[in-house]
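Just the heavy atoms: all of them, side chains too, but no hydrogens, waters or symmetry mates, feed the values below. Position 1 is the first residue of the sequence; numbering continues from there.
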Amino acid sequence: MTRMVLVTGGSSGIGRVVAERFAADGDDVVITGRRPDSLAETAAAIDVRAIRCDASAPADVASLAGQLGRVDVLVNMAGGNTDFDAPLDDGASLATVAAAWLANLNANLLSTVLTTTALLPAMPDGASIINVSSIGAEYASTSYGAAKAAVAAWTAGLSATIGPRGITANAIAPGYIENTGFFRGQLSDERRASLIDATHDKRAGLPDDIAATAHFLASHGARHITGQILHVNGGAHTTR
């Protein structure tokens, strides 16, 4: 049976490659995003369906849920580091700090919680939920890292709640991934070199690395893997 796969934030970057990977497998894929033009371009290029949705906006997410039927695989890719859009200065006011932290929490944590909560009723037993954390969650000195740490913690709790239905919930924590717009053009050559040097295999991660991991987590072979954080970072952060 053809699976219905939803990839939020699927119009660009890693999300686009994840959507393309599932579509290549013959799945019925829907992507969401905030920019209609980008959504339309991606949908046409990789032959998937598109629905405009800001995953952090309750009304948008409710509308999305109303347009979808059965959802077999949910990949919560929507997010990003909002600090790149509005960097915090050392002397920022408390109001500015609060706004910056709320922006990252909304973009990364709330978007994941809202979408999952809205779509769970349409997910059959044996479905898969794949969230996105970050290597930054291990060094959570910023609002982005803290938001991604919260995604990881929430994923573990979600797994326990939905596990009796045979639904798995896992999170992928990427390290440095090239060929995306994550850094908004603000990554220096020196910083890029240091991120690659921190890996064991001495290479940058690629969107395909994350797409392959997401595809595996939604496969039959991963049915007994749930509540886990899978680090895809070339050894830049190791677990035991």
Side-chain angles (χ1 to χ4, degrees), residues 1-57 60-61 63-81 84 107-108 111-112 114-116 118-119 122-124 127-134 151 168-185 203-222 230 232:
M1 182 179 68
T2 300
R3 297 182 301 182
M4 192 280 164
V5 180
L6 175 67
V7 182
T8 70
S11 64
S12 62
I14 298 173
R16 175 173 174 152
V17 178
V18 169
E20 188 172 18
R21 177 66 182 83
F22 280 101
D25 207 33
D27 293 315
D28 178 16
V29 179
V30 173
I31 60 172
T32 69
R34 293 175 297 171
R35 299 184 297 276
D37 291 346
S38 178
L39 275 171
E41 184 277 327
T42 297
I46 67 176
D47 193 23
V48 300
R49 293 186 287 150
I51 299 175
R52 200 214 72 82
C53 177
D54 179 346
S56 66
D60 279 14
V61 176
S63 175
L64 171 68
Q67 296 177 64
L68 298 174
R70 175 189 180 107
V71 177
D72 299 290
V73 180
L74 169 59
V75 185
N76 284 305
M77 288 295 313
N81 190 344
F84 288 122
N108 295 285
S111 63
T112 299
L114 288 178
T115 304
T116 304
L119 295 182
M123 301 190 77
S128 303
I129 297 171
I130 300 158
N131 299 326
V132 179
S133 182
S134 169
V151 169
T168 59
N170 294 288
I172 300 172
Y176 170 53
I177 306 294
E178 282 199 329
N179 302 328
T180 76
F182 177 81
F183 286 97
R184 313 287 206 279
R203 75 165 176 89
L206 298 171
D208 281 339
D209 295 320
I210 307 305
T213 304
H215 190 262
F216 166 69
L217 287 173
S219 72
H220 178 73
L230 276 73
V232 184

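Using a 4.0 Å cut-off between a side-chain N of Lys or Arg and a carboxylate O of Asp or Glu, D28 and R49 qualify as a salt bridge. Under the 4.0 Å criterion applied to side-chain N and carboxylate O atoms, R35 and E41 are not assigned as salt-bridge partners. Of the charged side-chain nitrogens involved, at least one lies within less than 4.0 Å of a carboxylate oxygen, so that R3 and D27 count as a salt-bridged pair.
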May I have the step-by-step check of side-chain contact (heavy atoms from CB on, under 4.5 Å) for L68 and I51, ending in yes or no?
CA-CA 10 Å; L68 298 174; I51 299 175; 4.0 Å; yes

Can you list the steps and then say if S128 with D72 is a side-chain contact (heavy atoms from CB on, under 4.5 Å)?
CA-CA 6 Å; S128 303; D72 299 290; over 6 Å; no

Tell me, with the steps shown, if V17 and D208 meet side-chain contact (heavy atoms from CB on, under 4.5 Å).
CA-CA 7 Å; V17 178; D208 281 339; 3.2 Å; yes

Steps toward side-chain contact (heavy atoms from CB on, under 4.5 Å) verdict (M123, I129):
CA-CA 9 Å; M123 301 190 77; I129 297 171; 3.7 Å; yes

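Two residues are said to be in side-chain contact when any heavy atoms from C-beta on lie closer than 4.5 Å; I130 and I172 meet this criterion. Annotation: side chain of L6 is in contact with side chain of L64 (closest heavy-atom distance under 4.5 Å). Proximity of V48 to E20: side-chain heavy atoms (C-beta onward) are nowhere separated by under 4.5 Å. For the pair V75/R21, no side-chain contact is recorded, criterion being any heavy-atom separation below 4.5 Å from C-beta on. Using a 4.5 Å cut-off on side-chain heavy atoms (C-beta onward), L206 and N179 make contact.
The side chain to side chain donor-acceptor pair (under 3.5 Å) check on N76 picks up T116, N131, with sequence neighbours excluded.
Under a cut-off of 6.0 angstrom, the local environment of CG in D47 is sparse, with at most 12 non-hydrogen atoms contributed by other residues, nucleotides or ligands.
Of the possible polar contacts, one joining the T8 side chain to the M77 backbone as a donor-acceptor pair under 3.5 Å is found. Of the possible donor and acceptor atoms, one in the side chain of T42 sits under 3.5 Å from a partner among the backbone N and O of S11.
In this structure, CG on L39 lies 9.5 Å from SG on C53, to the nearest 0.5 angstrom. One distance of note links CE of M4 with CG of L74; it measures 9.5 Å at 0.5 Å rounding.
Ring centroid separation for the pair Y176 and F182 does not come in under the 6.0 Å cut-off.
A55 and T115 make their closest contact through CB-OG1, 3.8 Å (heavy atoms, listed as atom of the first residue, atom of the second, distance). Taking every heavy atom of both residues into account, P174 and I210 meet most closely at CB-CD1, 3.7 Å. Between N81 and R184, the closest heavy-atom pair is O-NH2, 3.9 Å. Minimum interatomic distance between F22 and A214 (heavy atoms only, all atoms of both residues): CZ-O, 3.8 Å. Looking at every heavy atom in both residues, A122 comes nearest to G69 through CB-O, 3.2 Å. The shortest heavy-atom contact between T168 and N170 is CB-ND2, 4.0 Å.
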